[in-house]
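Both counts, for ligands and for their atoms, begin at 1 and track the order of listing.
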Amino acid sequence: MADAVIMTPASGACAGDFLAWLDAILASFSSGQGAVVPCGDCRACCRAGYFIPVRHHEWATLAVIPRGLLVHPPGTSGEGDYLIGTTRRGDCAMLRPQGCPIYARRPQACRNYDCRIFTAAGIPSGHDAIDRQAGRWRFQYGSDHGWLVHAAVKQAARFVIDHARAFPGGRVPEQAADIALVALKAHPVFLGPMDGYATDAAVARAVVRACRVFDATGRLVSGGAP
Ligand code: SF4
């Protein structure tokens, strides 16, 4: 939908330098400017059955979406935020054969979406078409450090999935995208030696703290003392 995909010799799609990508996507969380994804002609995320949220303050977007395609989120009525519905096939109701007709004014949720988060975290999205695209991305590494950081992101995602009970109340995100975001924010916890953490619960606390610090300040931290 944006730039042309740059193919690698291994027939994957070039996802860019891992560290540069990580910096950019973390910065996009804070700035709200969204991700720049070389989607090419891929429309997988527009066809994944997602109900696309449109916040009440996204006036420019709401102005170009026919009201009949908008629904209110379950449990709400009349006022406030909206969702773009889907077709029976699970396509976004705005999608047309030639692409998204409101691309320049697409919702913030679409601007934020970057399926490389699943490649980065090493977890499936839960949608076949997105997983096919995520499986094609190939990150590049300009140094061993880049490779180690990527390994830490994957380890963070794996920890959240495998050790949900170690988290307060046993609560971890249910959606793969949210698990991937936790992994991006909390990966520094897994960069250093893990033997300083006495228990999985101590690791989980460090993950929670790292996410909270990132959400509050935009800074990456290792989670503090175990
Ligand atoms: S609004 Fe446009 S970019 Fe967003 S999911 Fe629908 S068709 Fe795709």
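Here Ala109 has no heavy atoms under 4.0 Å from ligand 1, in either its backbone or its side chain.
Short contacts between ligand 1 and Pro107, defined as distances under 4.0 Å to a heavy atom of the residue, involve ligand atoms 1 (S). Ligand-side atoms of ligand 1 in range of Ile52: 5 (S), range being under 4.0 angstrom from any heavy atom.
From Cys39, atom SG reaches atom OH of Tyr113 across 10.5 Å, with rounding to the nearest 0.5 Å. Within the model, atoms NE2 of His187 and CG of Leu26 stand 7.0 Å from one another, a figure rounded to the nearest 0.5 Å.
Between the side chains of Tyr82 and Arg67, at least one donor N or O sits under 3.5 Å from an acceptor N or O.
Using a cut-off of 2.8 Å, one finds that Cys110 contributes no N/O/S atom close to atom 6 (Fe) of ligand 1.
Cation-pi check for Arg171 over Phe167 is not met; the charged atom does not lie both under 6.0 angstrom from the ring centroid and within 45 degrees of its normal.
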